[in-house]
Amino acid sequence: MKNYINGTWRDARSGRTFSNINPADHRDVIGAFPLSDATDVADAVEAASQAFHDWRRTPAPKRGDILRIAGDIFARRKDELAAIMTREMGKTITETKGDIQEAIDTAYYAATETRRLFGYNTPSEMADKMNLSFRMPIGVCGIITAWNFPIAVPSWKILPALACGNTVVFKPSDDSPHSANIFAEILEEAGIPPGVFNVVHGQAEAGSAIVEHPDVRVVGFTGSTATGTAIASRCGELNKKVSLEMGGKNAQIVLADADLELALEGVLWGAFGTTGQRCTATSRLILHEDIHDEFVERLVRAASTLIVGNGTLPATQVGPVINTKQLEKILHYIDIGMGEATCVLGGKRDTDGDKAYGTFVKPTIFTNVSRAARIFREEIFGPVLSVTKCTSLEHAIDLVNDSAYGLSSSIYTRDVNAAFVAVRELETGITYINAPTIGAEAHMPFGGVKGTGNGHREGGWTVFDIFTEWKSVYIDYSGKLQRAQIDNYDN
Ligand code: UN1
């Protein structure tokens, strides 16, 4: 399998490759993909720079027509693409279909936005003068993403970037490269001209070549806080716009008056859906002391029935974790947890039957987790949930906010006053009332505060701020020199 540069499929110039394997069964090798370096990135950026010349002049609604067709093709190829995604990154088919649905929704949203992309006009300080402002495309956007949403997360960045008239060089995760090639096939079939969208496969070397390339004007990144912070520092030095979506340590609060059955369903989905491998996953559960013991008992009973297995099997609820490195990291955190809390479920790798050929972890729950515990503070990115007791709403909010991250939070309560206080006080970019921490919708701003982001929001209308720069235009039709400020006010 190859890179997609300037509308053609190419190997890495060096001829080097990496192999992509199925996390549910490491004997299943999906293919060899180009291990690209700075020379391949330079080819892609050159193609994207040249294509920018015509693409930015293409009427925005015409660009939108192509994105709408891309949405149609994603819908047509949904079943086939979901199977490809599950094979390379493991989550269940229902979830990979949902992942594609986010791309379809984003494509239609971006397509219609090309008929708006509203600017502002304002009164001028002076007579016979008009003030207008426009959103302008920026140029080549470098998009670097993680593997856990191989289609949805790239779509949140790429489709709005294209709608605005930018061109794109995309480096997908080396754990989900096949999905990225289908993304390219779909955009090509929809009518995206050569060079407007390019895929360069590889690892850190290719990613940093994108960040470093002088003609890449914007960098959009989803991944770890460590990598994102390093990218942001470099972009600061290079004076590039950068949008970051990084880690999370998301919490669900359950107050004593909550609908406990609903809260239980919510935490099962939030903590163990996608095998806990979402930046929005519920990794902390804050339970009011009055319902703590009963809730833990019900939770452990319910979580112990979750079916762990290959995501292609219809009964599977929890798929594999992505690779051996991540398996080791999760097991290391479980080890740490054993020393600082009480393990009430799971706590080990799952090697039953054919699962021995993959990287599976049993859903794991720790109780008695203090705020000082590393499993309370650090992102694990796996099916591991930490439970902490609280004595009041204020205590719960304080525990949630005691985090370096600030992506998503959730509270289950029937008390409307408590819910509104939580909305105001929880330091996260997203808060759910009586719903789990996962499940953001494509047309709403998505992102977090503190260590999760750098002030940008993908999704909805806000993503268009990332991929455009404002141009202010003054039109003076007075026929004389009017000097701003000076002519208007007596000094
Ligand atoms: C991510 O894990 O990077 O809100 C994104 C959610 C999903 C997106 C998660 N729609 O859980």
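In listed order, ligands and their atoms are each counted from 1. Numbering starts at 1 and runs along the sequence shown. The model shown is predicted, which means the values in this text are computed figures rather than measured ones.
Within the listing of ligand 1, atoms 7 (C), 10 (N) sit less than 4.0 angstrom from a heavy atom of Glu102. Counting the atoms of ligand 1 from 1 in the order shown, those under 4.0 Å from a heavy atom of Asn148 are 1 (C), 2 (O), 3 (O). Ligand-side atoms of ligand 1 in range of Arg278: 2 (O), 6 (C), 7 (C), 11 (O), range being under 4.0 angstrom from any heavy atom.
For the pair Ile334/Lys348, no side-chain contact is recorded, criterion being any heavy-atom separation below 4.5 Å from C-beta on.
Looking only at heavy atoms of the protein, atom 4 (O) of ligand 1 is closest to Ala440 N, 2.7 Å. When only non-hydrogen protein atoms are considered, atom 5 (C) of ligand 1 lies nearest to Cys279 SG, 3.5 Å. Among protein heavy atoms, atom 6 (C) of ligand 1 sits closest to Gly439 N, 3.3 Å.
In this structure, Arg278 satisfies the cation-pi test against Trp269, with its NZ or CZ atom closer than 6.0 Å to the six-membered ring centre and inside 45 degrees of the ring normal.
Pro383 and Ile330 get closest at one heavy-atom pair: CD-CD1, 4.3 Å. A pairwise comparison of heavy atoms in Cys164 and Phe464 identifies SG-CD2, 3.4 Å as the closest pair.
Within 6.0 Å of CE on Met444 lie no more than 12 heavy atoms contributed by other residues, nucleotides or ligands.
Using a non-hydrogen distance threshold of 4.0 Å, Trp269 does not register as a contact of ligand 1.
Checked against a 3.5 angstrom limit, the closest N/O atoms of Thr222 and ligand 1 fall outside it. Considering backbone and side-chain N/O atoms, Phe149 never comes within less than 3.5 Å of an N/O atom of ligand 1.
We find that Arg76 and Glu189 are joined by a salt bridge, their nearest charged nitrogen and carboxylate oxygen being less than 4.0 Å apart. A salt bridge between Lys450 and Glu427 is present, with a side-chain N of the basic residue lying under 4.0 Å from a carboxylate O of the acidic one.
In Thr274, neither the side chain nor the backbone holds a heavy atom less than 4.0 Å from any atom of ligand 1. Of the heavy atoms in Trp156, only side-chain atoms (C-beta onward) come closer than 4.0 Å to ligand 1.
Taking CD1 from Ile73 and CD from Glu185, the interatomic distance works out to 10.5 Å, rounded to the nearest 0.5 Å.
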